[in-house]
Structures are given as structure tokens and as C-alpha cells.
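My questions will all concern the structure given below.
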Amino acid sequence: MSPLEPFGTRLRHAMDERGPLCVGIDPHASLLSAWGLNDDIAGLERFTRTVVEALAGTVAVFKPQSAFFERFGSRGIAVLEKAVEELRAAGALTVMDAKRGDIGSTMAAYAETFLHKDSPLFSDALTVSPYLGYGSLKPAVDLARENGAGLFVLALTSNPEGAEVQHAVREDGRTVGATILGHLAAENAGAEPLGSFGAVVGATLGDLSSYDLAINGPLLAPGIGAQGATPADLPSVFGAAVRDVVPNVSRGVLRHGPDVTALRDSATRFADEIRAAVDPR
């Protein structure tokens, strides 16, 4: 596929071919320790290389958490750059979990870091925060369109603190979260088979029937596995939009390392369970 083919199109193909699973790459200190690795650059490199080698050829989407690499400075960023390059070379899609959000030239610089095709950190999609106003994301939206990339915008997140902002009711009677979903539906209007501008919606949130999740774009769903949600919960949470869900599992897969076979078996099991739940035909 052309690098400039829209992210939504590439995502739909990847999930249809490899299964609807996104594996988070979150090398936090406790996980490195559980793998028998030191919390240093050598441990980071070993952990990341093992995950990539074990899963890059079979999992549809990966979500590296940028912060866990940034904490090691420039050497950590170099590990992240190499991981992104190798994941994409293996045919997987990368969603950089950086949750960037700012205004004007600063937002444009963040966009160029992760969404410009010539950047060493170029990713298929980027998580962003709209809470300086959805319009502040315009530089990222524009560059994503230009380079065939996508965005996942924080809308209804799984952390309890998010509700005080996302469930707040505006003067027009809509919640802030619903307003963000409305903006994304407008971005994706007319896109086939799937738009490139998605929302982050927690799989642990229970009944979301009061929200219109049919944004014609992907719904990145953290919370499966260690946070308590299961693949079987997805239809009740996401309703008719469940086929557009990109379920994210991090610790549920990664805790099986450093054994490569165990990592692969866990990822395959989650992908099969998710596929059965969202498309039981």
C-alpha cells in the first residue's frame, strides 16, 4: 500500500487481515523488573527488541507510549525511533501515544515530529489532547491528511479524573466528550471504508448509549486486560460502532515476556477473543 493511502483505509485492511488488536509498548520500570531487566537503557533496548521481534509480523497495531522512552533522554528516543521503523517495515501500524496538545506553531511542531513522512518518528497515527479547544488541533489534522496519517483524540477516557472535563455539559446541552465526537464525525464525513480521525474511548466505561460513537472513524479502546475490561464487554460498551473499535491491550500481553512464544500466544488469544466478540459471524 502507498504510504499516502489514508490511515483509516490502512487500519481497516490491517485489522481485517491480522485481527483487531492493538498492543501497547509500555516499558515502565515495574515491567522491566518483571522481565528480569534493569531499569536502564540496556533493559529498555532488550525489552523493546523482544516485543518487536515477537509480535511485529502478526499484530495489526502497536501503541508505543512515548513517555517511557523519553525518560531515558536521547538514547531512549533512539530506541523508540528504531522500534517505529521496524514495526512499520514488518507491516504493522504504529499509533504514537504522546497525547500532544498545544496551539499554533507549537502544535505544528508536535505534528511535524510524529506526522511528517520525513521525520524519524513518523507514525501512522498520534494520540492528541483537544482540551485547548478542538480547533487547536488543526495543524495536526492538516498534516495527518497530507501524509496519510491519522489522529486519536481524547474523548471519553478510562481514567476516573477525565469525567470532570469530558462529561461537563456545555451551554448547548451537549457534553464536552460528545462535542469532540461530533467534530471527529465531521472530519470523517464521506470517508470509506473508515475515516482516519478517531477517538480514545475507554473500554471500562460501561454503557455509552447516550453518546453517538458512530463517527465513521476508529475508536481506540484502552482498558482491556489489566484494567478489568474483557473482549466480551466490547459490544455492550460500543454498540453498533463495535466493528470500528481498536482494542488496546498492554500489560495483558506484555506480562508474558520475555518468553517470545508466550508473548505470541497471548497476543493471538486476545486477537481471537476480540474478533469473536466484535464480528461473531
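Residue numbers start at 1 and run along the sequence shown.
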Worksheet entry | Exercise: identify the closest heavy-atom pair between Ser266 and Gly252 |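 Answer, listing the atom of Ser266 first, then Gly252: OG-O, 3.3 Å.
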Discussion item. Can you tell me how the ring of Phe47 sits relative to the ring of Trp35, calling it parallel under 30°, perpendicular over 60° and tilted otherwise?
Written reply: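 Tilted, since the angle between the ring planes falls between 30° and 60°.
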Discussion item. Using side-chain heavy atoms (C-beta onward) and a distance below 4.5 Å, is Phe270 in contact with Val23?
Written reply: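 Sidechains of Val23 and Phe270: no contact.
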Fill in: Option from Leu151, Ile215, Val128 for which side chain to side chain contact (heavy atoms under 4.5 Å, CB included) with Phe197 holds
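Only one of Leu151, Ile215, Val128 forms a side chain to side chain contact (heavy atoms under 4.5 Å, CB included) with Phe197, namely Leu151.
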Fill in: Nearest heavy atoms of Ala262 and His256, plus distance in Å
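Looking at all heavy atoms of both residues, the closest pair is CB-O, 3.5 Å.
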Practice prompt. Would you list the pairs meeting salt bridge (Lys or Arg N to Asp or Glu O under 4.0 Å) in which at least one residue belongs to residues 136-151, sequence neighbours left out?
Written response: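 Applying salt bridge (Lys or Arg N to Asp or Glu O under 4.0 Å) to every pair that reaches into residues 136-151, excluding sequence neighbours, yields Lys138-Asp142, Arg145-Glu187.
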Discussion item. Going by salt bridge (Lys or Arg N to Asp or Glu O under 4.0 Å), name the residues that satisfy it together with Asp244, two or more places apart in sequence or in a different chain.
Written reply: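 Partners of Asp244 under the salt bridge (Lys or Arg N to Asp or Glu O under 4.0 Å) test: Arg12.
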Discussion item. Less than 4.0 angstrom from a charged side-chain N to a carboxylate O is my criterion; do Arg243 and Asp16 meet it?
Written reply: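 The answer is yes: the pair qualifies as a salt bridge.
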Worksheet item: Taking only residues two or more places apart in sequence, or in another chain, which ones meet Thr113 in a side chain to side chain contact (heavy atoms under 4.5 Å, CB included)?
Response: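 Here the qualifying residues are Leu121.
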Worksheet item: In terms of hydrophobic clusters joined by side-chain contacts under 4.5 Å, are Leu205 and Val278 together?
Response: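 The answer is yes; both residues are in one hydrophobic cluster.
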Worksheet item: To the nearest 0.5 Å, how far apart are CZ in Arg174 and CG in Asp212?
Response: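 Between atom CZ of Arg174 and atom CG of Asp212 there are 10.5 Å.
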Item to complete: May I ask you to list the residues sharing a hydrophobic cluster with Ile103, side-chain cutoff 4.5 Å, ordered by chain and number?
Response: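 Members other than Ile103 - counting any ILVMFWY side chain reachable under 4.5 Å - are Leu132.
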Discussion item. Less than 3.5 Å apart, any donor N or O on the side chain of Thr58 or Arg264 sitting next to an acceptor on the other?
Written reply: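 No, no side-chain donor-acceptor pair sits under 3.5 Å.
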Worksheet entry | ring pair (Phe, Tyr, Trp, His ring centres under 6.0 Å) contacts touching residues 198-222 (sequence neighbours left out) |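 Counting only pairs at least two positions apart or across chains, no ring pair (Phe, Tyr, Trp, His ring centres under 6.0 Å) contact touches residues 198-222.
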Worksheet item: Do Thr268 and Asp265 meet the criterion of a side-chain donor-acceptor pair at a distance under 3.5 Å?
Response: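 Note: Thr268 and Asp265 side chains miss the donor-acceptor criterion.
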Worksheet item: What is the minimum heavy-atom distance between Ala144 and Leu115, and which atoms define it?
Response: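 Minimum heavy-atom separation between Ala144 and Leu115: CB-CD1, 4.3 Å.
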Practice prompt. Could you grab the distance from atom CG of Leu154 to atom NZ of Lys99, nearest 0.5 Å is fine?
Written response: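 Nearest 0.5 Å value for the CG-NZ distance: 6.5 Å.
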Item to complete: Kindly indicate, with the supporting measurements, whether the criterion side-chain contact (heavy atoms from CB on, under 4.5 Å) is fulfilled by Leu80 and Phe68.
Response: CA-CA 9 Å; Leu80 181 59; Phe68 291 119; over 6 Å; no
Discussion item. Would you compute the distance between atom CG of Asp26 and atom NZ of Lys63 and round it to the nearest 0.5 angstrom?
Written reply: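 Separation between the atoms: 5.5 Å.
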Fill in: Evaluation steps, side-chain contact (heavy atoms from CB on, under 4.5 Å), between Thr157 and Gln166
CA-CA 8 Å; Thr157 57; Gln166 296 154 18; 2.9 Å; yes
Practice prompt. Go through Leu220 and Val61 one step at a time and tell me if the side-chain contact (heavy atoms from CB on, under 4.5 Å) criterion holds.
Written response: CA-CA 11 Å; Leu220 182 63; Val61 185; over 6 Å; no
Item to complete: With rounding to the nearest 0.5 Å, note down the distance linking CD1 in Ile77 to OG in Ser66.
Response: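 So the CD1 of Ile77 and the OG of Ser66 are separated by 5.0 Å.
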Discussion item. For Gly19 versus Arg275, what's the shortest heavy-atom pair and its separation?
Written reply: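 Closest approach of Gly19 to Arg275: CA-NH2, 3.3 Å.
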Worksheet entry | Ile41: partners by side chain to side chain contact (heavy atoms under 4.5 Å, CB included), with sequence neighbours left out |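 Residues passing side chain to side chain contact (heavy atoms under 4.5 Å, CB included) with Ile41: Leu44, Glu45, Phe72, Arg75, Val79.
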Practice prompt. Quick one: closest heavy-atom pair of Ala14 and Ala60, and the distance?
Written response: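 Looking at all heavy atoms of both residues, the shortest contact is O-CB, 3.6 Å.
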Discussion item. I'd like to know if the side chain of Gln65 reaches the main chain of Gly24, judged simply by a donor and an acceptor atom lying under 3.5 Å from each other, with no hydrogens or angles considered.
Written reply: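 No; judged by distance alone, with no hydrogens or angles, the pair does not exist.
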Item to complete: Would you please test Leu126 and Tyr110 for side-chain contact (heavy atoms from CB on, under 4.5 Å) and show each step?
Response: CA-CA 10 Å; Leu126 171 69; Tyr110 282 139; 5.6 Å; no
Worksheet item: Would you say the side chain of Val246 lies within less than 4.5 Å of the side chain of Met15, judging by non-hydrogen atoms?
Response: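 Yes; the side chains approach each other to less than 4.5 Å.
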Worksheet item: What distance separates Ile25 CD1 from Leu87 CG, expressed to the nearest 0.5 Å?
Response: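 Between atom CD1 of Ile25 and atom CG of Leu87 there are 5.0 Å.
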Discussion item. Could you measure the distance from the CZ atom of Phe114 to the CG atom of Asn147? Nearest 0.5 Å is fine.
Written reply: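 The distance works out to 14.5 Å.
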Worksheet item: Do any N or O atoms from the side chain of Ser196 and from the backbone of Phe7 form a donor-acceptor pair under 3.5 angstrom?
Response: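 Yes; at least one donor-acceptor contact below 3.5 Å.
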